[in-house]
Novice: 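My questions all concern the structure below.
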Amino acid sequence: MFSGPRARLCCLDLDTFFVSVERLLNPELCGKPVVVGALPGSRGVVTACSYEVRAFGVRSGMGIAEAVRRAPHAVFMRGTSGVYGAYAQRVKAILERYTPEVRTASIDEFYLDFSGCERLYRRAADADDDAAIERIVRELRERVQVEIGLPASAGIGCTRAMAKMASNVAKPAGVRMVRVGEERAFVAELPVRRFPGIGPVAAEELNQAGVHTLGELLSLPEGPRRARFRRTTERVEQALHPTSAQRIGRDRPAFREHDPEHLTVGSISNERTFGQDVRERVRVEGQLCSLAERVCWRARSRGARARTVTLRLRYSNFETLTRSRTIPPTNVEAKVYACVLELLAEVLDPARGVRLLGVGLSNLVGEDTQLALPLGKEPPPQVGRAIDDVRARFGFEAIRLGASALRK
DNA sequence: TCTGGGGTCCTAGGACCC
DNA sequence: TCTGGGGTCCTAGGACCC
């Protein structure tokens with residue numbers, strides 16, 4: 001018998017992930033209002049915050065000063081670097097017990113495909129296949145909670161976007177299934193901003209045009225408004241129907257650092273916002289040298305060379321400029337730094353304060369790929385390797401280029 | 001004291017080649 | 001002298017996600 005499309009894709013999202021991990025490391029934080037991110041007095045933002053502070057209007061992405069204003073009683077902490085990935089790995093290992101089709105979408109978000117698993121999981125007590133899948137997702141959510149101690153929410157739907165929206169509705173610590181046929185009704189009352197792909201800019205534009213919910217968007221009458229938002233409407237419409245290929249997509253490259261197979265990573269970049277805006281050219285150049293060092297180090301650790309180097313510069317007024325240049329593939333600090341300095345000359349206004357600097361590598365190729373004969377003199381590869389060996393034992397800061405010291 | 005840092009993807013224009 | 005398209009690569013900017 002033909003079995004039609006089913007709601008078989010699941011999104012599992014860890015609730016207030018960084019906060020939850022910090023609470024595992026330090027149980028005294030449980031029940032307290034916690035903000036992970038920048039410390040008060042700095043220019044950073046909120047990375048994650050507990051439900052106790054959300055009650056005061058604190059949100060992730062909010063400037064830390066604003067968060068302090070809204071919740072002065074909260075515990076503010078930087079977070080523990082290096083531990084989150086390991087917890088995410090443990091979560092993934094649990095999920096893989098239930099289906100081989102698990103994808104990592106971000107450090108706290110996973111997609112699972114249960115298509116074809118109905119026979120495996122169906123029990124006599126289950127009213128139908130959907131009920132079986134929902135039961136198994138509740139069980140897996142519970143396993144993550146019990147075995148690791150991390151609260152999670154899960155959504156089930158016929159597409160990634162549906163599963164994602166369902167998991168958001170299920171928060172905190174819940175499960176929500178949207179069965180085939182229920183999609184339109186489920187989506188109808190949701191604010192447009194809840195759709196993955198509609199950000200603050202698009203949402204504002206829609207609201208200005210009198211469109212507030214996804215239901216209103218989908219039912220716009222033919223006319224100029226419908227024409228104006230046609231592309232957005234199409235994307236929402238597609239999310240309501242099962243698609244054929246690439247159902248849960250691929251792992252995000254950023255979370256496949258150790259994949260030795262292929263170099264599909266798109267880009268490597270590092271940027272830094274100064275504590276206070278900077279005018280001295282030596283400090284600008286010192287920071288760029290430091291950033292060049294860091295991206296080259298990361299590129300080498302992935303066996304990558306970059307064909308394109310990008311400089312990013314943000315002035316005090318938040319005006320942000322980028323300049324990029326394509327060069328023979330390299331992961332050598334001196335080459336990247338030299339290139340960045342040339343790009344800097346195109347954009348730097350010595351009269352203005354610099355807020356942020358960034359260096360990016362893109363157009364990456366494998367280390368062995370030789371697209372052009374080396375014309376200039378390049379340090380032998382042993383030099384880079386020797387630097388990296390020292391860092392492997394003592395950390396990135398253990399060995400630095402002299403010019404990097406000038407950034408402070 | 002407004003507004004981090006790591007990414008991906010899309011668009012649009014211009015150069016250049018056939 | 002006037003004037004095609006198509007394709008690819010490069011660059012700059014911006015929206016979006018977590």
Novice: Provide a list of protein-nucleic acid N or O atom pairs under 3.5 angstrom, restricted to nucleotides 10-16 of chain B.
Specialist:
residue : atom : partner : partner atom : Å
dT11(B) : OP1  : R231(A) : NH2          : 2.7

Novice: Could you state the CD1-P distance from I64(A) to dT1(B), rounded to the nearest angstrom?
Specialist: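 From I64(A) CD1 to dT1(B) P: 13 Å.
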
Novice: So, R97(A) and E147(A), do they make that salt bridge, N to O below 4.0 Å?
Specialist: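 The answer is yes: the pair qualifies as a salt bridge.
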
Novice: P atom, dG4(B) versus dA15(C): distance in rounded Å?
Specialist: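 dG4(B) and dA15(C) have their P atoms separated by 16 Å.
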
Novice: On DNA chain B, compare the nucleotides closest to P40(A) and G44(A); which residue's is nearer the 5' end?
Specialist: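 Its nearest nucleotide being more 5', the pick is P40(A).
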
Novice: Which part of the nucleic acid does L356(A) contact within heavy-atom distance under 4.0 Å: base, sugar-phosphate only, or nothing?
Specialist: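 Contact class for L356(A): sugar-phosphate only.
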
Novice: Which whole-number value in Å describes the distance from R78(A) CZ to dG4(B) P?
Specialist: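 For the pair R78(A) CZ and dG4(B) P, the rounded distance is 13 Å.
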
Novice: Give a yes-or-no answer on whether the side chains of E52(A) and S50(A) include a donor-acceptor pair shorter than 3.5 Å.
Specialist: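 Yes, because at least one side-chain N or O of E52(A) sits under 3.5 Å from a partner of the opposite role on S50(A).
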
Novice: May I ask you to decide if D130(A)'s main-chain N or O and R6(A)'s side chain share a donor-acceptor pair within less than 3.5 Å?
Specialist: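 No: the side chain of R6(A) does not pair with the backbone of D130(A).
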
Novice: Without decimals, in angstroms, what is the distance between L361(A) CG and dT8(B) P?
Specialist: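 The answer, rounded to whole Å, is 12 Å.
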
Novice: Whether T47(A) contacts dG5(B) is assessed here as follows: a side-chain N or O lying under 4.0 Å from the phosphate OP1 or OP2. Is that the case?
Specialist: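 Answer no for this pair, as no side-chain N or O of T47(A) is under 4.0 Å from OP1 or OP2.
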
Novice: Using a cut-off of strictly less than 4.0 Å, decide whether R43(A) has a side-chain nitrogen or oxygen near OP1 or OP2 of dG5(B).
Specialist: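 R43(A) to dG5(B) OP1/OP2: no side-chain N or O under 4.0 Å.
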
Novice: Report the residue (S267(A) or G61(A)) whose heavy-atom-nearest nucleotide on DNA chain B is the more 5′ of the two.
Specialist: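 Taking each residue's closest nucleotide, the earlier one in sequence belongs to G61(A).
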
Novice: Without swapping roles, check the side chain of S20(A) against the backbone of D15(A) for a donor-acceptor pair under 3.5 Å.
Specialist: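 Yes, because the side chain of S20(A) sits within donor-acceptor range (under 3.5 Å) of the backbone of D15(A).
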
Novice: Describe the nucleic acid contact of V45(A) in one word from base, sugar-phosphate, nothing, applying a heavy-atom distance below 4.0 Å.
Specialist: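 Base, at least one base heavy atom under 4.0 Å.
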
Novice: Please name all residues satisfying ring pair (Phe, Tyr, Trp, His ring centres under 6.0 Å) with F396(A), sequence neighbours left out, ordered by chain then number.
Specialist: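 So F396(A) forms a ring pair (Phe, Tyr, Trp, His ring centres under 6.0 Å) with W297(A).
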
Novice: Check the distance between dT1(B)'s P and M62(A)'s CE and give it to me in whole angstrom.
Specialist: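 The answer, rounded to whole Å, is 14 Å.
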
Novice: Among all residues two or more places apart in sequence or in another chain, which pass the side chain to side chain donor-acceptor pair (under 3.5 Å) test with R59(A)?
Specialist: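 For R59(A) there are no side chain to side chain donor-acceptor pair (under 3.5 Å) partners, ignoring immediate neighbours.
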
Novice: Between dC18(C), dG5(B), dT8(B), which nucleotide gets closest to the side-chain atoms of S106(A)?
Specialist: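 That would be dC18(C).
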
Novice: CE/M162(A) to CD1/I156(A) distance, rounded to the nearest 0.5 angstrom?
Specialist: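 Spacing of CE (M162(A)) from CD1 (I156(A)) equals 11.5 Å.
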
Novice: Could you check whether G37(A) gets within reach of a base, just the sugar-phosphate, or nothing at all, counting any heavy atom under 4.0 Å?
Specialist: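 Here G37(A) touches no strand at all.
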
Novice: Determine the sole option in L344(A), V284(A), L343(A) for which the side-chain contact (heavy atoms from CB on, under 4.5 Å) test with L313(A) is passed.
Specialist: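 In the set L344(A), V284(A), L343(A), the residue that makes a side-chain contact (heavy atoms from CB on, under 4.5 Å) with L313(A) is L344(A).
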
Novice: Can a donor-acceptor pair be found, under 3.5 Å and without considering hydrogens, that links the side chain of E182(A) to the backbone of V180(A)?
Specialist: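 The answer is no, because no donor-acceptor pair under 3.5 Å joins these two groups.
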
Novice: Give a yes/no on whether any side-chain N or O of N270(A) is located under 4.0 angstrom from OP1 or OP2 of dG6(B).
Specialist: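 N270(A) to dG6(B) OP1/OP2: side-chain N or O found under 4.0 Å.
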
Novice: Rounded to whole angstroms, how far apart are OH on Y111(A) and P on dC17(C)?
Specialist: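 Y111(A) atom OH is separated from dC17(C) atom P by 11 Å.
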
Novice: How would DNA chain C look in dot-bracket form, 5' to 3', counting Watson-Crick and G-U wobble pairs with both distances under 3.5 Å and writing | for bases paired to another strand?
Specialist: ....||||||||||||||

Novice: What contact category does F274(A) fall into here, base, sugar-phosphate, or nothing, at under 4.0 angstrom with non-hydrogen atoms?
Specialist: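 Touches nothing.
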
Novice: Only counting residues at least two apart or in another chain, list the ones meeting side chain to side chain contact (heavy atoms under 4.5 Å, CB included) with E234(A).
Specialist: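 E234(A) satisfies side chain to side chain contact (heavy atoms under 4.5 Å, CB included) with R230(A) only.
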
Novice: In residues 314-321 of chain A, which ones come under 4.0 Å of DNA chain B, going by heavy atoms?
Specialist: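 The answer is R314(A), F318(A).
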
Novice: Quick one: is dT1(B) close enough that its OP1 or OP2 comes under 4.0 Å of any side-chain N or O from R69(A)?
Specialist: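 Looking at the OP1 and OP2 atoms of dT1(B), one of them is under 4.0 Å from a side-chain N or O of R69(A).
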
Novice: In whole angstrom, what separates R312(A)'s CZ from dG5(B)'s P?
Specialist: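 Interatomic distance, CZ of R312(A) to P of dG5(B): 10 Å.
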
Novice: Using the side-chain contact (heavy atoms from CB on, under 4.5 Å) rule, pick out the option among I148(A), V144(A), I107(A) that qualifies with L14(A).
Specialist: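 Single side-chain contact (heavy atoms from CB on, under 4.5 Å) partner of L14(A) among I148(A), V144(A), I107(A): V144(A).
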
Novice: Flag this pair as yes if the NZ/CZ of R235(A) is under 6.0 angstrom from the six-membered ring centre of F195(A) and inside a 45 degree cone about the axis; otherwise no.
Specialist: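 No.
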
Novice: Using whole Å, what does the distance between atom P of nucleotide dG5(B) and atom CZ of R272(A) come to?
Specialist: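 The answer, rounded to whole Å, is 5 Å.
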
Novice: Let me know the distance between CZ of R70(A) and C1' of dT3(B), rounded to the nearest Å.
Specialist: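 Atom-to-atom, R70(A) to dT3(B), this comes out as 14 Å.
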
Novice: Under a 4.0 Å threshold between the charged nitrogen and the carboxylate oxygen, would E66(A) count as salt-bridged to R70(A)?
Specialist: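 Judged by the 4.0 Å cut-off on N to carboxylate O distance, R70(A) and E66(A) do form a salt bridge.
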
